[in-house]
Amino acid sequence: MPRPEKPIAPDAPFGTFALRLRALRRGAGNPTYRAMAARVGHAFSVSTLAGAASGATMPSLDLTLAYAEACRGDRQYWTEQWFIARGADRLWPDEPWAATPPDPAQAVDAAAYVALLRELRLWAGSPSLHSLARLTGHARSSLGDTCAPHRTTVPSHDLVSALVRGCLLYACRSRPWLRKPTEGPPDRWIAGIEAAWLRTRHRLKLREAVQPVPAVRRYEAEAARDAVRPPAAPDPLAARRLSEAGTGASAGAAAEAAGRLTAEAPPPVPPPVPVPVPASAGSGRSRHRSALPANLPPEVHELATALRELFDVLDVSTRRFAMRQQYDASSVSRYLAGSRIPPEHFVHALLREAAENGRPVSAEVTHHLLTLRADALRIVNPQIHRLQVLEKELETARRDRLALEEHARLTEHRLQATLDRLEALRRQAGSSTPDEGFAA
């Protein structure tokens with residue numbers, strides 16, 4: 001029988017959060033901390049897990065999620081509770097943390113803007129998509145796609161407005177102490193915050209609009225690639241045929257000129273080596289991983305091998321990586337074992353983790369990994385592969401259309417401004433003409 005825990009001090013700064021963690025542990029059958037450490041793969045020690053529920057300090061998010069996972073707790077719920085408890089030490093004592101929603105002005109690109117939308121949903125109490133759909137009248141799938149982790153584009157005006165307003169309405173109904181008395185009625189307070197989110201969205205869309213259209217970028221990239229491509233070496237056989245056809249030059253002169261051009265031509269550029277990333281020499285992680293099955297298709301085997309080489313660079317366990325990137329540890333193991341084709345955002349998560357560890361991967365290697373994944377998916381599930389290809393083509397066409405519409409809107413705005421200035425000059429010239437004639 002485990003010995004009882006020490007009581008939480010009355011003046012513990014995070015006593016309430018510690019009490020909730022202890023209640024979660026009692027609801028899971030009161031397992032020992034040694035058993036909890038074993039459940040999370042010994043990612044944290046026994047003393048560290050026990051200190052998380054002491055109330056003296058605020059545990060990290062990884063430690064809180066490991067504690068919750070060991071007690072069969074919900075990850076999303078405890079992520080929200082951690083943000084709520086952590087916010088209490090950032091604000092003045094007489095105001096709860098939720099009185100200050102996330103500031104959208106911090107977003108510098110579309111990915112950061114979508115991440116702030118997810119933080120806004122956590123701040124509002126993590127309302128379900130069903131609740132947000134009832135409050136806004138939009139479909140749950142559309143609202144979920146607006147703040148999806150894999151989204152890399154700015155959502156539409158209507159969806160941003162609906163998601164922000166729905167989160168604020170949910171927060172006002174579940175937390176009556178949310179607003180200050182000086183902030184006026186709830187509608188005015190919600191409208192002000194919603195306008196700030198829409199202003200930031202408009203700024204990011206204008207930044208995207210001044211960039212070249214994706215189709216133009218692809219054309220320029222192909223043109224630049226063709227410009228640096230070395231000229232093809234002349235063929236001596238072709239030179240001899242030309243001489244025999246009556247070009248006026250002898251066969252010996254043509255062969256000599258062809259040999260001279262061949263010697264002056266630069267050597268061809270060797271193709272890039274398709275090895276993704278060299279394995280880390282001191283990681284030691286791959287020694288404990290089982291070998292890939294022999295019956296895997298060649299495309300799947302090549303993908304799993306490349307993912308393993310990249311994962312070995314991280315020098316981290318699969319459970320630790322899953323906790324950092326909010327994946328299921330068993331799914332990560334299946335991706336690395338070749339028994340399941342990973343989604344595209346999993347590959348990007350590996351690349352992002354490698355870059356954060358000081359091992360950035362080039363664009364060629366990234367393209368190679370994504371190509372390997374597409375080839376493996378085409379072999380294992382051709383229907384899903386075809387569907388994803390069509391979705392990417394549709395997304396590319398949608399981005400091109402939005403960029404062209406934004407460019408047309410800006411051009412129309414500049415044209416209207418030019419017409420207004422021209423009309424003002426005409427009025428000024430018309431008002432000055434009688435005076436000049438009278439003076440004459």
Side-chain angles (χ1 to χ4, degrees), residues 2-28 30-103 106 112 115-127 149 167 170-171 174-175 177-178 180 316-317 319-327 329 353 356-357:
R3 60 183 178 181
E5 290 184 304
K6 295 180 180 179
I8 299 175
D11 57 345
F14 299 99
T16 304
F17 189 72
L19 285 174
R20 303 196 65 180
L21 288 177
R22 292 189 179 188
L24 174 66
R25 180 173 172 235
R26 285 194 303 271
N30 204 22
T32 63
Y33 283 110
R34 191 176 303 277
M36 293 171 58
R39 289 180 183 177
V40 295
H42 296 282
F44 295 95
S45 63
V46 175
S47 59
T48 303
L49 289 172
S54 65
T57 58
M58 183 64 192
S60 65
L61 179 58
D62 288 343
L63 178 56
T64 302
L65 293 180
Y67 195 106
E69 182 180 354
C71 298
R72 308 292 189 266
D74 182 69
R75 290 177 60 86
Q76 183 177 358
Y77 174 79
W78 283 101
T79 301
E80 175 204 356
Q81 298 304 314
W82 183 85
F83 273 108
I84 294 176
R86 178 177 172 268
D89 65 345
R90 295 183 297 171
L91 306 171
W92 43 94
D94 58 345
E95 182 180 359
W97 83 280
T100 55
D103 185 11
Q106 300 174 359
L116 284 174
L117 284 175
R118 291 196 298 272
E119 186 176 344
L120 174 67
R121 186 181 171 193
L122 283 174
W123 165 87
S126 190
C167 290
Y170 184 90
S174 59
R175 301 172 185 177
W177 41 262
L178 185 62
K180 298 179 183 178
V316 67
S317 65
R319 187 176 296 274
R320 187 76 171 177
F321 174 80
M323 292 177 60
R324 288 179 182 176
Q325 300 294 334
Q326 296 189 1
Y327 284 101
E353 189 80 13
E356 292 175 356
N357 290 351

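Screening residues 33-48 for side-chain hydrogen bond (donor to acceptor under 3.5 Å, both in side chains), with sequence neighbours left out, gives E5-Y33, Y33-Y67, S45-S47, S45-T48. Counting only residues at least two apart or in different chains, side-chain hydrogen bond (donor to acceptor under 3.5 Å, both in side chains) contacts with residues 49-62 are absent.
Taking CG of D103 as the start and CG of L120 as the end, the distance is 11.5 Å to the nearest 0.5 Å.
Closest heavy-atom contact between A322 and R75: O-NH2, 4.2 Å. Annotation for L21 and A52: closest pair CD1-O, 3.5 Å, computed over non-hydrogen atoms. Annotation for G73 and L24: closest pair CA-CD1, 4.2 Å, computed over non-hydrogen atoms. Residues P31 and M36 approach most closely at CG-CG, 3.9 Å, considering heavy atoms.
For E69, the side chain to side chain donor-acceptor pair (under 3.5 Å) partners at least two apart in sequence or on another chain are R319.
Under the 4.5 Å side-chain criterion, counting only non-hydrogen atoms from C-beta, M58 is in contact with W82.
A donor-acceptor pair under 3.5 Å is absent between the side-chain atoms of W78 and the main chain of A66, judged by distance alone. Distance alone, capped at 3.5 Å, is enough to place a donor-acceptor pair between the R22 side chain and the A53 backbone.
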